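Residue numbers start from 1 in every chain, and the chains themselves are labelled A, B, ... in the order their sequence lines are given, proteins ahead of strands. Just so it is clear, the model here is predicted, and its values are computed rather than measured.
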Amino acid sequence: MQIDAIFLHIGVVLIKKSEMNALCKTLCDFWDSSIGKKLIVAVTGVMLVGFLIAHMAGNLLIFQGRESLNDYAYFLHHFLHGMGIWLFRVGLIVAFVLHIVATVSLTRQNRAARSEKYAHEATSRASLSSRYMIWSGLTVIAFVIFHLLHFTVRIDPDLASMKDPMDPSRHDAYGMVIAGFQNPVVVLFYIISISFLCSHLSHGIASIFQTLGFNSKKTRDPFHKLGLVISVVLWLGFLSIPFLALFDLIGDGEKDAPVPMEASVNTELLFRC
Amino acid sequence: MNLTLKVWRQEGPSESGHIKTHEAEGIPEEASFLEMLDIVNERIIIDGGEPILFDHDCREGICGSCSLTINGVPHSKDTGITTCQVHMRRYRDGDTIWIEPFRARAFPILKDLVVDRSAFDRIIASGGYISVRTGAAPDANATPVEFEDATDSFNSAACIGCGACVAACKNASAMLFVGAKANHLNLLPQGAPEKDQRTLAMVRTMDGEGFGNCTNQYECEAVCPKEISSDVIAKLNRDYAAASAREAVD
Ligand code: HEM
Ligand code: SF4
Ligand code: FES
């Protein structure tokens, strides 16, 4: 509840006083209501799922080779003069924070609403994934922190300093990914986290349609299946990379012999020029 | 048949309750579940004990009074029936049966298995009506209603307000009940003019009563004796969003 209050306060401060009362009341009512908060969870969920699909598609460029992935990484960091990526980041952070604040608050209310448990508890049809949404979600937070430090902030100087052998002025995202997944413990952590994330989505995606009110007798089943398919595709797409990198199945095992590879690529580049 | 009952016993609203074991011996197969409890109660009274308190009225599945959670499932695991329609032939000699009240913070326990469901009445009072007199039943087809709408509305109107949906929900959410009651009126020409007002008021009262939030697990639908579909929840979500938006613009 306190987090909610702080959150609303920030929102209110940003709005002019004259317009404040009416708009604030509507916003406050919406945020305070069960359905309003759930709608926020669903809309931010759509944004996060959209990001995941795009992120996976981008990552899969690694299978086209170093040039494709590094071009893509370069593009991400430089479109709209480097502003583009920050627009995306700000949007994502806002969605992520809203999603977390709303779901933590909803979960606390839900626990309070069923304060006295059944001595003999039974479940008719709720899936395991649906019952542990808060835990799969909280694992995602831990994962996101690790992942950002690993590949975005690059706290490991060896990963941060890698240069593209074809164009040493830019960072070698391709080499970084391959090198970053040489540690089996890191790969195991990725497998566990992405599995939790996909469990989250196996319930979450189908939920979006119900929460946003698109469901009917006819569509509920297809939407549920769509959610499962997207979750499995994301699981395979994301995990193929750390898994294949660990077993040297991406590229041609060049990480074992970086120097000759660099040389050969450079000559290739020379010829092309 | 002989059964072991694990029954929730609680002296009063502020007392703490506990599970008490009662032996139910020589129960005829053709007895209903509530008749089985009647038999057990008669014996308790003869022995000078306090009978097990439970709610019931019509005993034919129409009033919505009976309210037991049987082996963890409101109205038992048989679908589409109320507790009063459960029969002992569904159990076997030697079975242990757990009998608990409908649990939710918004349904405080009054005594033993009896809970206070007046929160539902307050939700209805906040919007589950129409404000104009409709007079006598209109002539058939005088007010045209789409077939789909008539069917949906009629199915929603089948809700008997028993509260099993709340009792089954992991979050004690009342969305199936409120969805059914709002949808019933929102779909009809008589109810449509007050649709926004009704939807907002009923949802706000529901929230204020301390029910939880729907997490789309559909446990409610599985136990509803009238088999209300959770489509009414999707509709309620949609109507609430639209009503909020219109309220913000006004
Ligand atoms: C990339 C990250 C994430 C994605 C793609 C995602 C996606 C989703 C989606 C689509 C839903 C269903 C929305 C609905 O009910 O209609 C959902 C629900 C939920 N999310 Fe997330 N989520 C993410 C991160 C998190 C995090 C970090 C938490 C941690 C608190 C979390 C906690 C929850 C909970 C508890 C629900 C269930 C809410 C409810 O049904 O009431 N999620 N998520
Ligand atoms: S929706 Fe079904 S379970 Fe809920 S109160 Fe109505 S009849 Fe009972
Ligand atoms: S006693 Fe009336 S519905 Fe069960």
*Would a 4.5 Å heavy-atom cut-off, applied to side chains only, mark B:M175 and A:I35 as touching?*
yes
Tell me, yes or no, whether the heavy-atom count around [X] atom [atom1], taken from other residues, nucleotides or ligands under 6.0 Å, exceeds 12.
| X | atom1 | answer |
| --- | --- | --- |
| A:F223 | CZ | yes |
| A:F79 | CZ | yes |
| B:E11 | CD | no |
| B:R90 | CZ | no |
| B:Q197 | CD | no |
| A:F143 | CZ | yes |
| A:K117 | NZ | yes |
| B:E23 | CD | yes |

*Ignoring hydrogens and geometry, is there a side-chain-to-backbone donor-acceptor pair from A:R114 to B:V166 under 3.5 Å?*
yes
_Regarding B:D207 and A:S34, do their side chains bring together a donor and an acceptor under 3.5 Å, going by distance alone?_
yes
*Just checking, is any N or O donor in the side chain of B:N216 or A:T211 under 3.5 Å from an acceptor N or O on the other one?*
yes
Which value, rounded to the nearest 0.5 Å, describes the distance between [X] atom [atom1] and [Y] atom [atom2]?
| X | Y | atom1 | atom2 | answer |
| --- | --- | --- | --- | --- |
| A:Q210 | B:R238 | CD | CZ | 10.0 Å |
| A:Q109 | B:N213 | CD | CG | 5.0 Å |
| A:L212 | B:N237 | CG | CG | 8.0 Å |
| B:L200 | A:F30 | CG | CZ | 10.5 Å |
| A:K38 | B:Y240 | NZ | OH | 13.5 Å |

_Stepwise side chain to side chain contact (heavy atoms under 4.5 Å, CB included) test for B:K170 and A:N110_ = CA-CA 8 Å; B:K170 304 286 177 203; A:N110 290 345; over 6 Å; no
Minimal non-hydrogen separation, [X] against [Y], with atom names:
| X | Y | result |
| --- | --- | --- |
| B:V73 | A:A122 | CG2-CB, 3.9 Å |
| A:A113 | B:N171 | CB-O, 3.3 Å |
| A:R131 | B:Q217 | CG-NE2, 3.4 Å |
| B:S230 | A:R220 | OG-NH2, 2.7 Å |
| A:A126 | B:E219 | N-OE2, 2.8 Å |

Picking from [options], which has the most non-hydrogen pairs under 4.5 angstrom with chain A?
| options | value |
| --- | --- |
| B:N71, B:D239, B:I233 | B:N71 |
| B:G17, B:G208, B:C169 | B:C169 |
| B:S244, B:A172, B:S229 | B:A172 |
| B:S173, B:A168, B:A106, B:C214 | B:C214 |
| B:A234, B:A167, B:G212, B:G210 | B:A234 |

Tell me, for [X] versus chain B, whether the close heavy atoms (under 4.5 Å) come from the side chain, the backbone, both or neither.
| X | result |
| --- | --- |
| A:A42 | neither |
| A:T123 | both |
| A:L106 | both |

Sort [X] into side chain, backbone, both or neither according to what part of it lies under 4.5 angstrom from a heavy atom of chain A.
| X | result |
| --- | --- |
| B:L236 | both |
| B:V232 | neither |
| B:T69 | side chain |
| B:I19 | side chain |

*asked:* Suppose we screen for ring pair (Phe, Tyr, Trp, His ring centres under 6.0 Å). Which residues come up paired with A:F214, at least two apart in sequence or across chains?
replied: none
_Checking A:F63 now: which residues fulfil ring pair (Phe, Tyr, Trp, His ring centres under 6.0 Å) with it, not counting sequence neighbours?_
none
*For chain A, which residues from residues 94-104 of chain B have at least one heavy atom closer than 4.5 Å to it?*
B:W98, B:E100, B:P101, B:F102, B:R103, B:A104
*Sequence neighbours excluded, which residues qualify as salt bridge (charged side-chain N to carboxylate O under 4.0 Å, His left out) partners of B:K77?*
none
